[in-house]
Amino acid sequence: MKGVWIALAALLGWGSLQAQADSTQSKKITIVYGGNFTKDESLRPGASIFSRDTRQVQFEHQGADLWCDFALLYQKENRLEAIGNVRMKQGDSVLMTSGFVEYDGNLKQAKAFENVRLTNRSNVLTTDTLLFDRERQEAFYEHHGRIVDSVNTLTSRVGRYYLIPKKYQFEDSVRINNPDYTVESARLDYYTLSKNAYMYGPSRITGETYMMYFERGFYDTKIEQGYGIKNTEIHYSNRIIEGDSVYFDKATSFASATNNIVVTDTINNGVIRAHYAEVHREQDSLFATRRAVSVSLVEQDSLYMHGDTLMVTGKPDARILRAYRNARFYKTDLSGKCDSIHFDQTTGITQLIRNPVLWNLENQMTGDSIHLISNLETEKLDSLKVIRNAFIISEDTVGHRGYNQAKGRDLFGKFIENELRLVDLVGNTEVVYYMYDDDGKLIGIDKTKCSSIRLALAQSDIEEITFYTDPDGTIYPEADFPQGQRQLDGFIWRGEERIRSKDDLFDAEDNNLVLPRIRGVDEPIDREEELPEAPTTPNPGALKPQKALRPKPPKANPRES
């Protein structure tokens, strides 16, 4: 019985050794067709030398076949040098051709030189030198490469190709050429199946109707759709859009931006700032919200206009700007607020709609609606209309005894150098005015009613009052003027609401706005593409041929790339 166990153990041991031998043998490079065979130990120690006869010599290694005109096989080292019209085929989809290949069977690595061409179904890579790692299913070049697929031609100085997800990773002088656009980038990852490009580093996309720059972003090369999420700007017809995240779609002529947005009108030199914006290029329209403000230059002074929502529509010479809900505006000598603002560039009219209030210097004006009219030639503020329930108020800045007031059905004002100088009130007008002599002594308080009034102003002070059509009034000594009559009916002083700086345009909700997080800024943006773990870049010297170990190969025929 003991002998049986010994025999069985010996048999199992032999089987194990045989399996190891078979495994080792399967890793060896095998000769399929040797052609002419010779050995020359003095010239090539340890090498079996093969050369073609009527057909090329052929070798096989773990699912890959290699053909060439001349070969040196180092069987102990499991290494092959193939020279002349080399073809290496892996399965039904991968074919590599070159002038010379060094193949290491233990590492399953092929180093190809001279007119290298790697074809994987619909895409073709051409370069001067290529490392093809069959174990990891990767190809790498560092001396310029060119890839052509059904859509694009891509070039770069350094590149890596992952065969499993069919992804290229390009670095240094990356460029995509397409009949409709070009892409330039410092680093670009390109998926050959989806034709999607992901860029990490300074990048520029130039299309027929747009130019986009960013330092981290995505681009669908089939439909010209993409986004940038770092230092991004897109030139879109007559607008430049900047923001933390900018998206655009050529098919719909649409662009949008999120967080810290600046949209510049390059023709009118106007700017929109917000934290969300949309641009519809075909409609020539802009929508902006989330702390949105319009900034334009008026007489060498910036005019700021804010609303919960801003809309700009119309061609460059016929812009219409609308500010909706909680609308406000400010420039150094003029400010106001209302429910909504409507500005028409063709007429020069700015309408303040619903519960408007306007401040010019120290004058407060209110009414059912207010129209500001600019001179179309000079673009200076020309005149003012307050329609229905017009009321103008200013503080008594001399004696600080009360408020100068005038009211009527409508008000018409005239600006000279941005200062309100003439005011005409018409329809059931009334005035309360504190009168002083040249020494600043109070003469009395004038209260008058008539059909219309003209006020001549200077630095918000009334210099002259003219009453028209049956004025009825009295100048009261201060002691005789009843306190209850010192404010006209409808008097509301809104000085605490006055917008005195551009920061006053925003309320607490605007200032406490929490911006959304932009995905992809701190993590890979191509995670949906099943990106494998990125290996380390091989030593650049790994691609240099060992010239002393191979004979001079025959000159290969040039191939189209």
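Note that the numbering runs from 1 along the sequence shown for the chain.
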Quick check: do Thr313 and Gln283 have side-chain heavy atoms less than 4.5 Å from each other? no
Salt-bridge contact Asp65-Lys89 (side-chain N to carboxylate O under 4.0 Å): no
Taking all non-hydrogen atoms of both residues into account, name the closest pair between Thr206 and Met211 and its distance. OG1-CG, 3.7 Å
Heavy-atom closest pair, residues Gly63 and Arg134: C-NH2, 3.9 Å
Can you tell me how far the CD atom of Gln56 sits from the CG atom of Leu66, to the nearest 0.5 Å? 9.0 Å
Over 60° means perpendicular and under 30° means parallel, so tell me whether Phe170 and Tyr190 are parallel, tilted or perpendicular. tilted
Would you say the side-chain atoms of Asn36 and Asp53 include a donor-acceptor pair closer than 3.5 Å? no
Within a strict 4.5 Å, meaning less than it, do heavy atoms of the Asn106 and Lys27 side chains meet? no
Indicate the atoms forming the closest heavy-atom contact of Gly217 with Ile525, along with that distance. O-CD1, 3.1 Å
Do Tyr162 and Asp189 meet the criterion of a side-chain donor-acceptor pair at a distance under 3.5 Å? no
Taking only residues two or more places apart in sequence or in another chain, which ones pass side chain to side chain contact (heavy atoms under 4.5 Å, CB included) with Ile261? Ala257, Val263, Ala277
Do the side chains of His342 and Ile320 get nearer than 4.5 Å, heavy atoms only? yes
Using the rule side-chain hydrogen bond (donor to acceptor under 3.5 Å, both in side chains), only one of Asn511, Asp510, Asp507 pairs with Arg291; which is it? Asn511
Consider only side-chain N and O atoms of Tyr304 and Arg273, and report whether a donor and an acceptor are under 3.5 Å apart. no
Judged by modelled atom types alone, do Thr309 and Arg325 share a side-chain donor-acceptor pair under 3.5 Å? yes
Are more than 12 heavy atoms from other residues, nucleotides or ligands located less than 6.0 Å from atom CD of Glu41? yes
Would you please test Lys222 and Asp220 for salt bridge (charged side-chain N to carboxylate O under 4.0 Å, His left out) and show each step? CA-CA 6 Å; Lys222 301 189 305 297; Asp220 187 328; 3.3 Å; yes
Would you say NZ of Lys195 has more than 12 non-hydrogen atoms from neighbouring residues, nucleotides or ligands within 6.0 angstrom? yes
In Å, rounded to the nearest 0.5 Å, how long is the span from CG of Asp265 to CG of Asn238? 6.0 Å
Output, in order, the C-alpha distance, side-chain angles, deciding distance and verdict of side chain to side chain donor-acceptor pair (under 3.5 Å) for Asn178 and Glu224. CA-CA 11 Å; Asn178 183 285; Glu224 294 184 66; over 6 Å; no
So do Arg52 and Trp67 actually touch side chain to side chain, heavy atoms under 4.5 Å? no
Closest heavy-atom pair and its distance - Gln345, Asp317: OE1-C, 3.7 Å
Taking the side chain from Arg160 and the backbone from Phe140, do they hold a donor-acceptor pair closer than 3.5 Å? no
Should the pair Asp284-Arg239 be classified as a salt bridge under the 4.0 Å nitrogen-to-oxygen rule? yes
Roughly how far apart are Arg121 CZ and Asp149 CG, rounded to 0.5 Å? 14.5 Å
Which heavy atom of Lys39 sits nearest to which heavy atom of Ser48, and what is that distance? NZ-OG, 3.4 Å
Ring pair (Phe, Tyr, Trp, His ring centres under 6.0 Å) with Tyr227: which of Tyr247, Phe248, Phe218, Phe254? Phe218
Do we see a donor-acceptor contact under 3.5 Å between the side chains of Thr258 and Arg290? no
Are any of the side-chain heavy atoms of Ile31 and Phe59 separated by less than 4.5 Å? yes
Could you walk me through whether Arg187 and Glu171 satisfy the salt bridge (charged side-chain N to carboxylate O under 4.0 Å, His left out) test, starting with their C-alpha distance in whole Å, then the side-chain angles of each, then the deciding distance to 0.1 Å, before giving a yes or no? CA-CA 4 Å; Arg187 179 199 154 182; Glu171 296 181 24; 5.2 Å; no
Do the ring centers of Tyr210 and Tyr236 come within less than 6.0 Å of each other? no
Thr264 side chain to Thr266 backbone, donor-acceptor under 3.5 Å: no
Minimum-distance pair of heavy atoms, taken over all atoms of Ala186 and Val174: O-CG2, 3.9 Å
Side chain to side chain, Phe132 and Leu163, heavy atoms closer than 4.5 Å: yes
Is any side-chain heavy atom of Met212 closer than 4.5 Å to a side-chain heavy atom of Phe214? yes
With ring centroids as reference points, do Tyr181 and Tyr219 lie under 6.0 angstrom apart? yes
If you draw a 6.0 Å radius around CG in Asp180, do more than 12 non-hydrogen atoms from other residues or ligands fall strictly inside? yes
Would you tell me whether Asn152 and Thr221 have side-chain atoms, one donor and one acceptor, within less than 3.5 Å of each other? yes
Take atom NZ of Lys250 as the centre, draw a 6.0 Å sphere, and report whether it contains more than 12 heavy atoms from other residues, nucleotides or ligands. yes
CG of Leu72 to CZ of Phe50: how many Å apart, nearest 0.5 Å? 9.5 Å
Heavy-atom donor-acceptor pair, His275 side chain to Asn260 backbone, under 3.5 Å: yes
Test item: side-chain donor near acceptor, Asn326 and Arg328, under 3.5 Å: yes
Strictly by modelled atom types, are His280 and Glu282 linked by a side-chain donor-acceptor pair under 3.5 Å? no
How long is the straight-line distance from CD of Glu215 back to OG of Ser203, given to the nearest 0.5 Å? 8.0 Å
